[in-house]
Chemist: 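First, the structure itself, so that you have it in front of you.
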Amino acid sequence: MDPSQGLDAAGPGPEQNPKPELSAAMRAKIERNRQRALMLRQARLASRPLSAVEGATSAKVSKIIDSGAGFFIEEEEAPVIEPDYLLNNEEKHKLISRTEAKQHYLLKDCDLDKREPPLRFILKKNPHNPRWGDMKLYLKLQVEKRCMEVWGSEEALEEARETREENKEVQKQKRFNKKVKELRRAVRSSMWTKDTSVHQHQYGPEEVVDPEEDLYKKTCTTCGHELTYEKM
């Protein structure tokens, strides 16, 4: 028997088996999955503000994910901001607290929260005591811009600061004068003591008022009080 005939009878080897072709429905499903995965990736990247900051230099880290639909997706991790970017943009992205924004730039709560557009902020634990309320930190450049919207110019802001300092000095002097006045009143009160003892009359000699009615009187030698009485 010819050996070649025996191989033909056994059928073709595994490497000669034709691969099954995907149907049009399967290919359409795979394409839809791929498009959906790409859209999700773009949405995640767009939600990261640091990756879109102009002038930022970042180191991108990517990883390969098996989509399970017959293809792989290369997903980028959150970019790592390089130290040189942080140093060069330290002043540009400096944060200040709400208290500092109100005291230094003379802004009110309505200027930060009500005036359009309201300034955005980030919350951070209070470094002095974590049990206190969270701190509100604002971007310094935005606060300075809002300050110019409120006061109009640096000269007007400086004039308002001087006026506020003068008012503080006046109020401080008033509080000082009030404390001095209270101290003087307390000193006077401590030096004067009220006599709360009971007065005992010291009567002088008896005097006749009306002999017919047997009326007599005595006069206190200290206060002048007269005691009139009748003898039986």
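Positions are given from 1, in the same order as the sequence printed here.
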Chemist: Taking ILVMFWY side chains as joined if any heavy atoms are under 4.5 angstrom apart, and letting links pass through other members, which residues group with Tyr229?
Modeler: Tyr203, Val208, Tyr216, Leu227
Chemist: Tell me every residue that passes ring-ring contact (aromatic ring centres under 6.0 Å, His included) with Tyr105, counting only those two or more places apart in sequence or in another chain.
Modeler: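 Tyr105 satisfies ring-ring contact (aromatic ring centres under 6.0 Å, His included) with no residue once adjacent residues are dropped.
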Chemist: Is the shortest heavy-atom distance from the side chain of Lys217 to the side chain of Glu206 under 4.5 Å?
Modeler: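 Side-chain contact under 4.5 Å: no.
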Chemist: Does a side-chain N-to-carboxylate-O contact under 4.0 Å join Glu158 and Arg161?
Modeler: yes
Chemist: Which pairs count as ring-ring contact (aromatic ring centres under 6.0 Å, His included) when at least one residue sits in residues 136-188, sequence neighbours excluded?
Modeler: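 Of all non-adjacent pairs touching residues 136-188, those that pass ring-ring contact (aromatic ring centres under 6.0 Å, His included) are Phe121-Tyr138.
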Chemist: Can we say Arg34 and Glu31 salt-bridge, meaning some charged N sits less than 4.0 Å from an Asp/Glu carboxylate O?
Modeler: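 Answer for the salt bridge query: yes.
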Chemist: Distance alone, cut at 3.5 Å: any donor-acceptor contact between the side chains of Asn177 and Gln173?
Modeler: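 Side chains of Asn177 and Gln173: pair found under 3.5 Å.
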Chemist: So for atom CD, which belongs to Glu149, do other residues, nucleotides or ligands contribute more than 12 heavy atoms lying within a distance under 6.0 Å?
Modeler: yes
Chemist: Please enumerate all residues that pass side chain to side chain contact (heavy atoms under 4.5 Å, CB included) together with Arg131, with sequence neighbours excluded.
Modeler: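 Result, side chain to side chain contact (heavy atoms under 4.5 Å, CB included) vs Arg131: Asn129.
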Chemist: Minimum heavy-atom separation for Ala101 and Val143, please, with both atom names.
Modeler: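 Taking every non-hydrogen atom into account, CB-CG1, 3.9 Å.
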Chemist: Taking side-chain hydrogen bond (donor to acceptor under 3.5 Å, both in side chains) as the cut-off, I'd like each qualifying pair that reaches into residues 108-125, sequence neighbours left out, listed once.
Modeler: Arg98-Asp109, Arg98-Asp113, Lys102-Asp109
Chemist: Of all residues at least two apart in sequence or in a different chain, which pass the side chain to side chain donor-acceptor pair (under 3.5 Å) check with Glu162?
Modeler: none
Chemist: If only atom types and distance count, is the side chain of Arg146 paired as donor or acceptor with the main-chain N or O of Leu107 below 3.5 Å?
Modeler: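 Pair absent, no side-chain N/O of Arg146 close to backbone of Leu107.
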Chemist: Is a side-chain N or O of Thr222 found less than 3.5 angstrom from the main chain of Gln202, in a donor-acceptor match?
Modeler: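 Side chain of Thr222 to backbone of Gln202, a donor-acceptor pair under 3.5 Å: no, none is there.
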Chemist: Same cluster or not: are Leu139 and Leu112 linked, directly or through other Ile, Leu, Val, Met, Phe, Trp or Tyr residues, by side-chain heavy atoms under 4.5 angstrom apart?
Modeler: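 No, it is not one cluster - the side chains of Leu139 and Leu112 are not joined through contacts under 4.5 Å.
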